[in-house]
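The structure appears right after this line, and notes come after that.
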Amino acid sequence: MSSSDSASSSKRESRHFIQQIIDSDRSSRRVTGDIVTRFPPEPNGYPHIGHAKAICLNFSLANEYQGRCHLRFDDTNPETEDMEYVRAMRRDIRWLGFEWGEHEYYASDYFEQLYDLAVQLIKDGKAYVDSQTGEEIRTNRGTVTEAGVASPFRDRSPEENLEMFATMRSGDFPDGAHVLRAKIDMASPNMLMRDPVLYRIKHAAHYRRGNDWPIYPLYDFAHPLSDAIEGITHSLCTLEFDVHRPLYDWLVDALFPAPRPHQYESARLNLDYTVTSKRKLLQLVKEKFVDGWDDPRMPTISGMRRRGYTPEALRRFCDMIGVAKADNRVDMAQLEFAVRDDLNARAPRVMCVLEPLKVILTNVPEGHLEELEASYWPHDIPKEGTRMVPFTREILIEQSDFMEVPSKKFHRLSPGGEVRLRYGYIIRCDNVVKDASGNVIELHCSFDPETRSGASSERRVKGTIHWVSATESVPVEVRLYDRLFSVPNPDDVAEGETFLSHINPDSKTIVTGRIEPAAASADALDRYQFERQGLFFLDEKELEKGNRVWNRTITLRDTWEKTKQSEKAKQSASTPAKSESPKQIEPQPDRDPLEGLDADALARTHALDTSFGIGVDDAAILAVRPKVESFFRDATATGESPAAIANWLINELRPLLSEDGIESIPFSASQFAELVGLHSDETLSSRLAKEVLSEMMKTGESAGAIVEKRGLKQISDESLLAAHVSDVLAAHPDRVEAYKAGKVGLIGFFMGQVMAKTGGQANPGTVKALLEKALA
RNA sequence: UGCCCUAUAGCUCAAUUGGCAGAGUGUCGGAUUCUGGUUCCGAAGGUUCUAGGUUCGACUCCUAGUAGGGCAACCA
């Protein structure tokens with residue numbers, strides 16, 4: 001079976017839009033050298049999960065294309081930045097598994113160059129020193145609906161600007177006295193282009209440059225030019241910067257020759273039950289809602305590391321969530337999957353009881369100590385290693401593994417019931433001991449010596465539970481973490497609330513558990529699965545202080561918890577079935593195509609419709625676009641059908657137009673009419689006509705010439721087409737079968753095959769009829 | 001209210017550029033299991049935001065709308 005398309009079934013891994021851009025930049029040779037990206041944090045906070053996404057994006061892209069990714073600190077605001085954050089950033093990026101080698105840069109190292117570029121801009125008449133107050137600048141910028149007004153200082157001479165800018169630099173002006181602004185367009189619909197501020201005076205010490213500079217460039221100036229200086233090819237940022245792109249382009253075009261960097265925007269990460277604004281994270285730390293930036297509940301990289309997340313899991317997560325331009329909110333389950341999946345294969349299993357219940361095995365002699373061999377790994381993980389687990393008369397099991405009145409699906413211990421001790425014996429519960437208030441405080445059980453783990457006993461029980469020896473186990477502090485916020489979107493707040501109103505009061509629980517001896521001496525970076533509980537990681541900070549404290553990284557998936565919930569739900573059957581009413585989408589009434597047209601357009605619409613009979617819909621489209629309308633009128637002068645011309649003009653030609661519009665096309669209205677004619681007289685199918693049209697756009701040749709040159713002609717000969725149809729059907733018997741079984745969408749596949757075989761020249765109407773007949 | 005961006009399964013994303021609407025995750029079943037984990041198998045889940053148009057054929061092109069987000073710091 002070697003069907004022609006079996007090769008194409010090896011589906012290429014899907015590429016996100018930035019990869020597609022880079023691919024096409026390389027194939028079009030817009031970029032001929034290395035692909036160079038950059039990660040440009042401002043050192044004013046600890047990196048978090050959102051940064052992780054950006055880090056993975058930029059560094060992975062560089063790795064994929066064997067280019068490089070620069071780490072550049074965007075440190076142009078002396079007031080908030082600090083070396084501590086630089087160190088945190090470097091450490092966390094490395095921990096994530098990325099390396100930038102010698103390519104560590106600082107915008108503050110470019111201050112001299114940036115200053116020179118600003119001078120160049122002034123000399124070119126593209127920037128000026130404005131002496132309005134901040135207040136005036138703001139007011140005069142206008143609003144989103146009204147144009148701004150020009151500063152009275154806008155037309156200072158280059159000489160004066162140069163001199164004043166030099167004085168700004170020398171430090172002789174006080175803060176805020178003047179700014180340097182780009183001279184662009186005070187009426188631009190894009191607020192960023194209304195003469196944006198490039199430099200401000202700020203007599204402040206910079207954490208790296210000290211008091212060298214009394215003026216500091218702004219992001220909008222420093223960022224694009226730093227990219228250009230470093231030879232960045234693809235400058236990736238988040239969506240809110242898309243309005244900055246015209247300014248980015250303006251500055252780079254003004255000061256750097258090609259090849260130059262280009263900016264692309266993608267959506268930032270929003271994670272359920274999490275906040276990722278530096279301001280809010282800082283607030284959580286400062287107001288002690290958490291114990292520092294690296295609190296294991298924090299979405300900071302340092303917090304997640306301390307909690308026990310791995311770089312691999314985080315990278316996997318970033319990979320899973322993809323890169324796109326739509327706003328998003330990622331389900332926690334996504335992150336949890338990545339973490340569990342990674343940890344499952346790398347965490348050895350041990351036993352630890354978190355909420356102990358004492359069990360006395362009445363038929364084990366006092367003082368009995370037996371060592372049971374236990375594997376660190378389950379049968380399905382190909383790793384080896386065992387330890388010995390002490391078995392004694394008194395043991396501890398999990399309180400939740402005993403139920404005095406078991407529900408139907410509960411298969412652990414209950415009075416008279418049996419359960420297996422993991423790696424040990426089957427025990428039976430003979431007696432339940434309670435305290436005065438009726439709480440179960442102790443169980444008396446007996447064990448079956450024939451059922452030791454590994455022994456070929458026929459006996460089977462439904463449940464296996466973890467346990468430790470009451471006398472040989474070691475007490476340990478275990479910290480159980482839950483989500484920091486109790487709602488999916490903590491930023492979604494009612495009047496008078498803040499995100500802090502949604503803090504989950506139970507996000508941290510500390511218990512004293514009992515761990516088996518083999519794991520009691522665990523060391524830094526050790527991580528374990530406590531069987532049936534979850535994944536746990538030794539807390540670095542506590543270990544430094546000499547304490548062994550376990551952080552729960554994540555619980556295991558718990559289907560028992562789910563069945564418990566659903567059992568409960570069933571019992572309280574009063575809860576109405578959540579039969580959500582089907583999505584009600586308001587149907588939209590037919591609209592009036594003439595709605596919203598002004599009097600002039602309305603008149604022209606009617607004129608077009610009455611003189612050409614093209615219908616008001618098409619007429620209205622032409623009428624509001626005077627240049628298109630006149631092109632249309634010119635084309636109709638050839639005598640070709642006006643309706644056909646309008647149709648082709650509106651639906652096919654316009655999408656091919658560049659920004660310059662219809663004036664820049666390389667052929668005339670009558671040549672366009674000729675093409676429409678070739679379609680009308682069925683020389684060309686619409687598919688062929690479209691091909692010819694795009695060729696005309698490229699070369700400016702006439703439709704007739706292109707048809708001649710390429711030998712294009714619609715094939716309508718039925719017997720010829722029938723042969724192609726039966727070829728195609730014979731080549732894909734499986735699909736024919738599927739079609740006959742009801743998958744009628746395959747008609748498109750068959751059509752595509754026949755069209756491809758005929759070079760697009762088959763008459764589609766005829767082919768379709770033949771196909772339907774053949775498949776009936 | 002002007003300009004810009006976005007809209008495909010519960011969630012996050014694909015769909016070779018106009019030719020079979022898919023994946024991961026989640027959910028629900030089943031098998032395996034000395035972890036109610038893992039693994040394996042299966043199922044459900046779609047008005048591709050809406051309405052109209054072009055086309056043999058539209059997630060993709062055209063028109064008009066709707067919803068969400070961004071932009072009026074001398075922050076980044």
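Residue numbers start from 1 in every chain, and the chains themselves are labelled A, B, ... in the order their sequence lines are given, proteins ahead of strands. Hydrogens, waters and symmetry mates are skipped; everything else that's a heavy atom, side chains included, is used.
B:rU8 and B:rG42 have their P atoms separated by 28 Å, given to the nearest Å. Comparing the C1' positions of B:rC3 and B:rC61 gives a spacing of 24 Å, expressed to the nearest Å. Comparing the same atom, P, in B:rC13 and in B:rG29 gives a spacing of 29 Å after rounding to whole Å. Atom C1' of B:rA15 sits at a distance of 7 Å from the matching atom of B:rG22, rounded to the whole Å. Distance check on atom P: B:rC74 versus B:rG10 gives 44 Å, rounded to whole Å. Separation of the P atoms belonging to B:rC59 and B:rG18 is 13 Å when rounded to the nearest angstrom. B:rG53 and B:rU60 are spaced 15 Å apart, taking the C1' atom of each and rounding to whole Å. Atom name C1', nucleotides B:rG52 and B:rC11: the rounded distance is 32 Å, in whole Å.
Under the 3.5 Å distance criterion, with hydrogens and angles disregarded, no donor-acceptor pair is assigned to the side chains of A:N77 and A:E42. Between the side chains of A:D227 and A:Y248, at least one donor-acceptor pair of N or O atoms lies under 3.5 Å. Counting only N and O atoms by type, the side chains of A:H466 and A:Q533 include a donor and acceptor under 3.5 Å apart.
Checking B:rU35, B:rU25, B:rA14 against the side-chain heavy atoms of A:R422 singles out B:rU35 as nearest. Of the listed nucleotides (B:rC62, B:rC71, B:rC74), B:rC74 has the atom at the smallest distance from the side chain of A:R141. Of the candidates B:rG36, B:rG2, B:rU63, B:rG36 carries the atom nearest the A:R412 side chain, counting heavy atoms from C-beta on. Nearest nucleotide to the side chain of A:K202, out of B:rC75, B:rA72, B:rG36: B:rC75. Of the candidate nucleotides B:rC74, B:rG26, B:rU38, B:rC74 has the atom nearest to the side chain of A:V197. Here the side chain of A:M320 is nearest to one of B:rA73, B:rU25, B:rC71, namely B:rU25. Between B:rG37, B:rU12, B:rA76, one nucleotide has an atom nearer to the side chain of A:H379 than all others, and that is B:rG37. Nearest to the side chain of A:T145, among B:rA76, B:rG2, B:rG37, sits B:rG2. Of all nucleotides listed (B:rU12, B:rU35, B:rC62), B:rC62 comes nearest to the side chain of A:I650. Side-chain proximity of A:Q334 to the nucleotides B:rG36, B:rA76, B:rU12 is greatest for B:rU12.
Counting atom types as modelled, A:Q753 pairs no side-chain N or O with a base atom of B:rG19 as donor and acceptor under 3.5 Å.
Its glycosidic angle being more than 90° from 0, B:rA64 falls on the anti side. Annotated as syn: B:rU17, whose glycosidic dihedral is within 90° of 0.
Ring planes of A:H206 and A:Y216: parallel class, angle under 30° (limits at 30 and 60°).
Ion pairing between A:R245 and A:D249 fails under the 4.0 Å rule for side-chain N and carboxylate O. A:R181 has a carboxylate O that lies under 4.0 Å from a charged side-chain N of A:D130, or vice versa, which qualifies the two as a salt bridge. With salt bridges taken as basic N to acidic carboxylate O contacts below 4.0 Å, one links A:D401 and A:R532. A salt bridge does not link A:E450 with A:R459: every distance from a Lys NZ or Arg NE/NH1/NH2 to an Asp or Glu carboxylate oxygen is 4.0 Å or more. A salt bridge is defined here as a Lys NZ or Arg NE, NH1 or NH2 lying under 4.0 Å from an Asp or Glu carboxylate O, and A:R268 with A:E240 meets this definition. For A:D185 and A:R194, the salt-bridge test fails: no basic side-chain N is under 4.0 Å from an acidic carboxylate O. Under the 4.0 Å criterion applied to side-chain N and carboxylate O atoms, A:K202 and A:E79 are assigned as salt-bridge partners.
Residues passing the side chain to side chain contact (heavy atoms under 4.5 Å, CB included) test with A:T276 are A:H48, A:I49, A:T274, sequence neighbours excluded. Here A:K757 pairs with nothing under the side chain to side chain donor-acceptor pair (under 3.5 Å) rule; sequence neighbours left out. In this structure, the side chain to side chain contact (heavy atoms under 4.5 Å, CB included) partners of A:P43, at least two apart in sequence or on a different chain, are A:F73, A:D75, A:E81, A:Y85, A:V86, A:Y207. Shown here are the side chain to side chain contact (heavy atoms under 4.5 Å, CB included) partners of A:A267, two or more places apart in sequence or in another chain: A:L239, A:N328. Shown here are the side chain to side chain contact (heavy atoms under 4.5 Å, CB included) partners of A:K740, two or more places apart in sequence or in another chain: A:V736. A:H411 is linked by a side chain to side chain donor-acceptor pair (under 3.5 Å) to nothing, counting only residues two or more places apart in sequence or in another chain.
A:H411 comes within 4.0 angstrom of a nucleotide base, judged by non-hydrogen atoms across all strands. A:Q20 comes within contact range of at least one nucleobase, with a heavy-atom separation under 4.0 Å. Residue contacts for A:S685: at a heavy-atom cut-off of 4.0 Å it reaches no nucleic acid atom on any strand shown. Among the atoms of the strands shown, base atoms are found under 4.0 Å from some heavy atom of A:L746. A:E146 comes within 4.0 angstrom of no nucleic acid atom, judged by non-hydrogen atoms across all strands. Heavy atoms of A:E240 sit under 4.0 angstrom from primed sugar atoms or phosphate atoms, though from no base atom. Within the 4.0 angstrom heavy-atom criterion, no nucleotide atom of any strand lies near A:F221. When heavy atoms are screened at a 4.0 angstrom cut-off, A:V323 is found touching the sugar-phosphate backbone but no base atom. Nucleic acid contact class of A:R557 (heavy atoms, under 4.0 Å, all strands): sugar-phosphate only. Residue-level contact check: A:H466 touches neither bases nor backbone, having no heavy atom under 4.0 Å from any strand. The residue A:Y423 sits close to a base: some heavy atom pair falls under 4.0 Å.
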**Asked** Where along nucleotides 53-60 of chain B does protein come under 4.0 Å, by heavy atom, of base (B) or sugar-phosphate alone (S), with - for untouched nucleotides?
**Response** BSSB----

Pairs under 3.5 Å (N/O, protein and nucleotides 5-9 of chain B):
| from | atom 1 | to | atom 2 | distance (Å) |
| --- | --- | --- | --- | --- |
| B:rC5 | O4' | A:D242 | OD2 | 3.3 |

Pairs: protein N or O with nucleotides 40-42 of chain B N or O, under 3.5 Å:
none

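A distance of 6.0 Å or more separates the ring centres of A:F317 and A:F337. When ring centroids are compared, A:F221 and A:Y199 come within the 6.0 Å threshold.
Under the stacking definition used here (centres under 5.5 Å, planes under 30°), the residue A:Y219 fails to qualify as stacked on the base of B:rA76.
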**Request:** Dot-bracket for RNA chain B, please, read 5' to 3', with Watson-Crick or G-U wobble pairs under 3.5 Å on both distances, ( ) within the strand, [ ] crossing, | other strand, . unpaired.
**Result:** .((((((..((((.....[..)))).(((((.......))))).....(((((..]....))))))))))).....

Output side-chain donor-acceptor pairs under 3.5 Å for residues 648-657 of chain A, partner residues at least two apart or in another chain, one line each.
| from | atom 1 | to | atom 2 | distance (Å) |
| --- | --- | --- | --- | --- |
| A:W648 | NE1 | A:H679 | ND1 | 3.4 |
| A:N651 | ND2 | A:N647 | O | 3.4 |
| A:N651 | ND2 | A:N647 | OD1 | 2.9 |

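Of the residues in residues 130-137 of chain A, those with a non-hydrogen atom less than 4.0 angstrom from any atom of RNA chain B are A:Q132, A:T133, A:G134, A:I137.
Here B:rA72 presents its C1' atom at 11 Å from CG of A:N190, a figure rounded to the nearest Å.
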